[in-house]
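Read through the structure below, which is laid out as structure tokens, and then see the notes.
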Amino acid sequence: MARKNTRKQIFTNVEVIDAAAKGKTVAKAPDGRVIFLPNAVPGDIVDVQTFKKRKAYFEGKATVFHKLSDKRTTPECQHFGVCGGCKWQDMGYEHQLFYKQKEVTNNLTRIGHLDLPEVTPILGSAEQYFYRNKMEFSFSDSRWLTLEEVQSDQDLGDRNALGFHIPGMWDKILDIKKCHLQADPSNAIRNAVKDFAIKNNLEFFNTRNQTGLLRTMMIRTSSTKDIMVVIQFFKEDKAKRELLLDYVAETFPEITSLQYIINEKANDTIYDQDVICYKDEDHIFEEMEGLTFKINAKSFYQTNSNQAFELYKLTREFANLNGDELVYDLYTGTGTIAQFVSKKAKKVVGVEAVPDAISAAKENAKRNNITNCEFFVGDMKNVFNEQFIKTHGHPDVIITDPPRDGMHKDVVQQILNIAPQKVVYVSCNSATQARDLALMKEHYVITKVQAVDMFPQTHHVENIVLLEKK
């Protein structure tokens with residue numbers, strides 16, 4: 001039944017029936033319309049208050065839980081439900097995997113209208129917590145207050161925070177006591193930096209007013225036990241900056257790369273900023289199957305190192321190289337996949353739009369004594385043309401790992417023009433992957449599909465598809 005007011009409606013005793021995109025779950029209103037919920041698990045029976053109404057659906061929130069789903073589990077993190085980072089922590093891991101697999105299959109069949117072989121079961125992650133190698137935290141002088149704090153009469157005292165943005169609120173930071181995503185000493189470093197900054201009156205940033213000293217802190221860890229810490233300051237204050245950096249260096253001698261940035265512009269992005277090395281190296285190393293990869297503050301590297309290894313092994317397995325093939329690796333990034341498959345290929349040609357990434361790819365290949373990889377920089381839809389193929393050779397296999405938006409239609413068309421025997425398509429967004437594959441289905445048959453869970457406790461999932469020429 002529904003009770004109406006001017007804008008919002010309340011639906012009572014609604015069963016949550018499925019998971020949807022972006023970590024939301026699905027219920028059905030009495031009129032058959034879908035309701036998207038951010039705070040329920042499939043199997044819950046709830047009352048829902050809607051806050052948005054569209055032609056085909058509602059968006060709402062579960063307000064009363066009449067029956068809790070047997071798919072539920074107790075979240076590990078004290079910040080769950082406010083932080084927004086790990087939306088599926090209240091769902092058992094086996095059920096997370098089920099819904100990720102289902103989303104991939106649904107996207108490929110419903111968006112792409114693709115014929116699929118028997119889909120290989122999703123590969124789960126051995127670590128369900130503490131699996132990330134990179135975290136970014138923001139400083140704020142006006143931390144997010146819980147409803148209980150707002151309604152209490154007590155003095156809220158210190159308002160400084162070092163943590164994460166509240167979803168959808170660019171200027172609100174939730175203070176984090178313990179994050180379950182990155183292994184120690186990540187939590188120890190963050191909490192120590194916050195306490196030291198407060199004790200020594202180092203001003204935390206105010207985004208709205210553009211005031212304060214401390215902006216952000218990035219922590220990167222690696223399987224080689226390297227640790228990188230990068231602190232971003234809003235302005236130069238040599239005495240205060242050195243006070244903090246010296247404290248971090250002395251308290252955590254295990255840090256192998258301590259760097260800082262002076263960023264006076266309005267936003268926090270570091271890609272147009274100078275990163276200054278304060279102590280030790282300006283990089284860390286990651287190691288995978290005997291290969292080493294140099295990672296600097298701006299480098300892209302898969303954030304789950306152990307599961308990235310599994311993803312790359314499957315990609316190489318799908319390519320099934322015998323040593324005679326010319327392989328093109330599109331959107332190669334820092335050339336990790338290219339170098340990973342190179343020992344099984346005659347030659348690998350990597351293409352990427354970011355110049356710094358290609359410089360890193362070349363440097364890594366040299367360090368790894370790999371001589372059969374070449375890397376080229378350029379916008380894929382422009383550089384990947386007939387002249388490029390004429391110059392570098394006709395590929396037997398194409399591996400493509402594009403960003404979330406998928407491939408430009410001109411790139412898809414060029415793959416069809418080249419018509420390699422095999423295409424291995426790695427994707428972090430199966431919806432855009434399905435769109436691209438639909439453009440190729442007249443010429444290629446899908447022979448393998450394998451989802452890989454890189455991000456437990458979230459809705460994100462990677463997917464690998466093998467295409468073979470008809």
Side-chain angles (χ1 to χ4, degrees), residues 133-134 136 218 220-224 226-230 232 256-263 269-303 305 308-309 311-312 315 326-343 345 347-385 387-388 391-393 395 398-404 407-408 411 426 428:
N133 57 38
K134 178 186 175 188
E136 295 176 77
M218 175 169 71
R220 297 186 91 143
T221 54
S222 77
S223 59
T224 62
D226 285 347
I227 300 169
M228 177 189 289
V229 174
V230 183
Q232 187 173 186
T256 55
S257 171
L258 181 58
Q259 302 180 76
Y260 70 94
I261 297 163
I262 309 294
N263 177 6
T269 56
I270 69 168
Y271 295 98
D272 57 354
Q273 299 293 296
D274 292 329
V275 185
I276 303 157
C277 187
Y278 189 72
K279 183 176 177 288
D280 297 320
E281 305 294 339
D282 66 354
H283 58 270
I284 58 174
F285 287 107
E286 186 53 85
E287 190 272 335
M288 190 182 286
E289 207 178 62
L291 301 173
T292 57
F293 299 100
K294 181 179 171 183
I295 298 166
N296 64 37
K298 299 180 185 179
S299 295
F300 171 79
Y301 193 83
Q302 288 281 5
T303 48
S305 301
F309 183 37
L311 182 79
Y312 296 161
T315 301
L326 172 59
V327 179
Y328 276 22
D329 181 29
L330 308 185
Y331 310 93
T332 191
T334 53
T336 351
I337 290 178
Q339 292 174 63
F340 197 76
V341 304
S342 65
K343 65 178 82 170
K347 184 179 173 185
V348 185
V349 174
V351 188
E352 166 63 49
V354 180
D356 284 354
I358 288 297
S359 300
K362 289 176 178 177
E363 191 182 334
N364 284 328
K366 193 174 178 183
R367 179 178 295 101
N368 290 318
N369 298 313
I370 293 171
T371 55
N372 64 336
C373 281
E374 288 186 21
F375 296 101
F376 301 92
V377 69
D379 187 329
M380 201 68 60
K381 69 181 185 298
N382 301 328
V383 75
F384 183 53
N385 54 31
Q387 185 56 51
F388 188 88
T391 305
H392 302 291
I398 288 180
I399 297 171
T400 181
D401 184 6
R404 290 193 66 77
M407 295 191 286
H408 191 280
V411 178
V426 184
C428 59

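Treat the numbers as computed from the prediction; the structure is a model and nothing was measured.
Between the CZ atom in Arg220 and the OG atom in Ser257 there is a gap of 10.0 Å [rounded to 0.5 Å]. Remark: Asp401 CG to Ile337 CD1 distance equals 4.5 Å, nearest 0.5 Å. With rounding to the nearest 0.5 Å, the separation of CG in Asn364 from OG1 in Thr334 is 6.0 Å. Expressed to the nearest 0.5 Å, how far CD1 of Ile227 lies from CG of Leu258 amounts to 11.5 Å. Put simply, NZ on Lys366 and NZ on Lys294 are 11.5 Å apart, with the number rounded to the nearest 0.5 Å. Rounding to the nearest 0.5 Å gives a distance of 5.5 Å between CD1 of Ile295 and OH of Tyr301.
The shortest distance between side-chain heavy atoms of Met380 and His408 does not fall below 4.5 Å. Taking the side chain as every heavy atom from C-beta outward, Tyr331 and Val411 approach each other to under 4.5 Å. For the pair Thr332/Ile358, a side-chain contact is recorded, criterion being any heavy-atom separation below 4.5 Å from C-beta on. Residues Met288 and Phe293 have side chains in contact (heavy-atom distance under 4.5 Å, counting atoms from C-beta outward). Contact annotation: the side chain of Tyr312 never approaches that of Gln339 to less than 4.5 Å [non-hydrogen atoms, C-beta and beyond]. Under the 4.5 Å side-chain criterion, counting only non-hydrogen atoms from C-beta, Ile398 is in contact with Leu330. Inter-residue side-chain proximity for Ile270 and Asn263 is flagged as unmet; no heavy-atom pair is nearer than 4.5 Å. Side chains of Val349 and Leu326 form a contact here, defined as non-hydrogen atoms less than 4.5 Å apart.
Taking all atoms of both residues into account, the shortest heavy-atom contact from Ser305 to Glu286 is OG-OE1, 3.0 Å. Smallest separation of non-hydrogen atoms from Tyr328 and Gly393: OH-O, 2.6 Å. Phe375 and Ala338 get closest at one heavy-atom pair: CE2-CB, 3.8 Å. Of all the heavy atoms in Arg404 and Cys428, the pair that sits closest is NH1-O, 2.9 Å. Residues Ala297 and Val230 approach most closely at CB-CG2, 4.1 Å, considering heavy atoms.
Residue Ile284 is tested with Thr221, Thr256, Asn296 for a side-chain contact (heavy atoms from CB on, under 4.5 Å); the sole match is Thr256. With Ser342 as the partner, the side-chain contact (heavy atoms from CB on, under 4.5 Å) test is satisfied by one option alone out of Asp329, Asn368, Thr371, Ile370: Ile370.
With Asn372 contributing its side chain and Val348 its backbone, the two residues share no donor-acceptor pair below 3.5 Å. With hydrogens and angles ignored, the 3.5 Å screen pairs a side-chain donor or acceptor of Glu287 with a backbone N or O of Gly290. At distances below 3.5 Å, not a single donor-acceptor pair connects side-chain atoms of Thr269 with backbone N or O atoms of Tyr271.
Residues satisfying the side-chain contact (heavy atoms from CB on, under 4.5 Å) test with Asp379, not counting sequence neighbours, are Lys381, Asn382. Take Phe300 and apply the ring-ring contact (aromatic ring centres under 6.0 Å, His included) test, not counting sequence neighbours, and it matches no residue.
Within a 6.0 Å radius of CG in Asp274, no more than 12 heavy atoms belonging to other residues, nucleotides or ligands are found.
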Go through the steps to decide whether Gln259 and Met228 satisfy the test side chain to side chain contact (heavy atoms under 4.5 Å, CB included), and finish with yes or no. CA-CA 8 Å; Gln259 302 180 76; Met228 177 189 289; 3.6 Å; yes
Pair Ser359-Glu363, side-chain hydrogen bond (donor to acceptor under 3.5 Å, both in side chains): steps then yes or no: CA-CA 6 Å; Ser359 300; Glu363 191 182 334; over 6 Å; no
Please test Glu289 against Lys343 for side chain to side chain contact (heavy atoms under 4.5 Å, CB included), starting from the C-alpha separation and ending with a verdict. CA-CA 11 Å; Glu289 207 178 62; Lys343 65 178 82 170; 3.3 Å; yes
Start with the C-alpha gap between Thr336 and Gln302, add the side-chain angles, then the distance that decides, and say whether side-chain hydrogen bond (donor to acceptor under 3.5 Å, both in side chains) holds. CA-CA 9 Å; Thr336 351; Gln302 288 281 5; over 6 Å; no
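Under the 30°/60° scheme for interplanar angles, the aromatic rings of His392 and Phe376 are found to be tilted.
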